[in-house]
Amino acid sequence: MATVITEECINCGACEPECPNTAIYEGGAQWELNGATTPAIKDDLYYIVPDKCTECVGFFDQEQCAAVCPVDCCIPDPNIPETDEVLIERARVLHPDQTFGAEYPSRFRKG
Ligand code: SF4
Ligand code: SF4
């Protein structure tokens, strides 16, 4: 699942710089991918672009936005269930210059 920010967000901004995929944007800010900009998904609260979120798969074994959020409002989106395989493939597409070995970090492999 891509991670989603719920309505509990207090707009503290702590999550945005932690994302390895620049998937988090301030409310009202346009999001960007491959040089193309797209209108904001939310105007009033921080939001995550599902197509850019890998649930940190490929980089960390825990979602970094969730780890720093003071009100625990970064949660797996129940409407977008995605597998480890889908998420690492997204990481590869988002970061073509990077190599992800067989032992890439993933929250699905924890424990
Ligand atoms: Fe970014 Fe990871 Fe949060 Fe997704 S789960 S928005 S990749 S920090
Ligand atoms: Fe909102 Fe949590 Fe991000 Fe702060 S860290 S902007 S409360 S989602």
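Side chains included, hydrogens not; waters and symmetry mates left out as well; all remaining heavy atoms used.
Residues Glu32 and Tyr25 meet the side-chain proximity criterion, which asks for heavy atoms closer than 4.5 Å. For the pair Pro105/Val57, no side-chain contact is recorded, criterion being any heavy-atom separation below 4.5 Å from C-beta on. At a threshold of 4.5 Å between non-hydrogen side-chain atoms, the residues Gln98 and Arg92 do not count as touching. Between Thr54 and Leu94, some side-chain heavy-atom pair lies under the 4.5 Å cut-off.
Taking OH from Tyr104 and OG1 from Thr99, the interatomic distance works out to 14.5 Å, rounded to the nearest 0.5 Å. Of the inter-residue distances, the one linking Glu8 atom CD with Cys69 atom SG reads 10.0 Å to the nearest 0.5 angstrom. The line from CG of Leu33 to CG of Asn21 is 10.5 Å long, rounded to the nearest 0.5 Å. Summarising the geometry, atom CD belonging to Glu16 is positioned 11.5 Å from atom SG belonging to Cys65; distances are rounded to the nearest 0.5 Å. Interatomic distance, Glu63 CD to Cys56 SG, rounded to the nearest 0.5 Å: 6.5 Å. Atom OG1 of Thr3 and atom CD1 of Ile75 lie 9.0 Å apart (nearest 0.5 Å).
Side-chain atoms of Asn11 come within 3.5 Å of backbone atoms of Tyr46 as a donor-acceptor pair (strictly under, hydrogens ignored). Side chain of Gln64 to backbone of Gln62: a donor-acceptor contact under 3.5 angstrom is found.
Every pair passing ring-ring contact (aromatic ring centres under 6.0 Å, His included) that includes a residue from residues 68-102 is listed here, sequence neighbours excluded: Phe59-His95, Phe59-Phe100.
Annotation for Thr22 and Lys52: closest pair O-NZ, 3.0 Å, computed over non-hydrogen atoms. When all heavy atoms of Leu45 and Cys9 are compared, the closest pair comes out as CD2-O, 3.6 Å. Looking at every heavy atom in both residues, Ala29 comes nearest to Ala40 through O-CB, 3.2 Å. Cys53 and Ala23 make their closest contact through N-CB, 3.9 Å (heavy atoms, listed as atom of the first residue, atom of the second, distance). When all heavy atoms of Ala14 and Val68 are compared, the pair lying nearest together is O-CG2, 3.7 Å. For the residue pair Pro78 and Pro81, the shortest heavy atom distance occurs at O-CD, 4.0 Å.
A salt bridge links Arg109 with Asp84: the closest approach of a Lys/Arg side-chain nitrogen to an acidic carboxylate oxygen falls below 4.0 angstrom.
Residues passing the side-chain contact (heavy atoms from CB on, under 4.5 Å) test with Ile41, sequence neighbours excluded: Trp31, Tyr47, Val49, Pro50.
Hydrophobic clustering (ILVMFWY, side-chain heavy atoms < 4.5 Å, transitive): Phe60 and Phe108 are in one cluster.
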Mind running salt bridge (Lys or Arg N to Asp or Glu O under 4.0 Å) on Glu26 and Lys42 for me, showing each step along the way? CA-CA 8 Å; Glu26 189 173 3; Lys42 270 190 188 174; over 6 Å; no
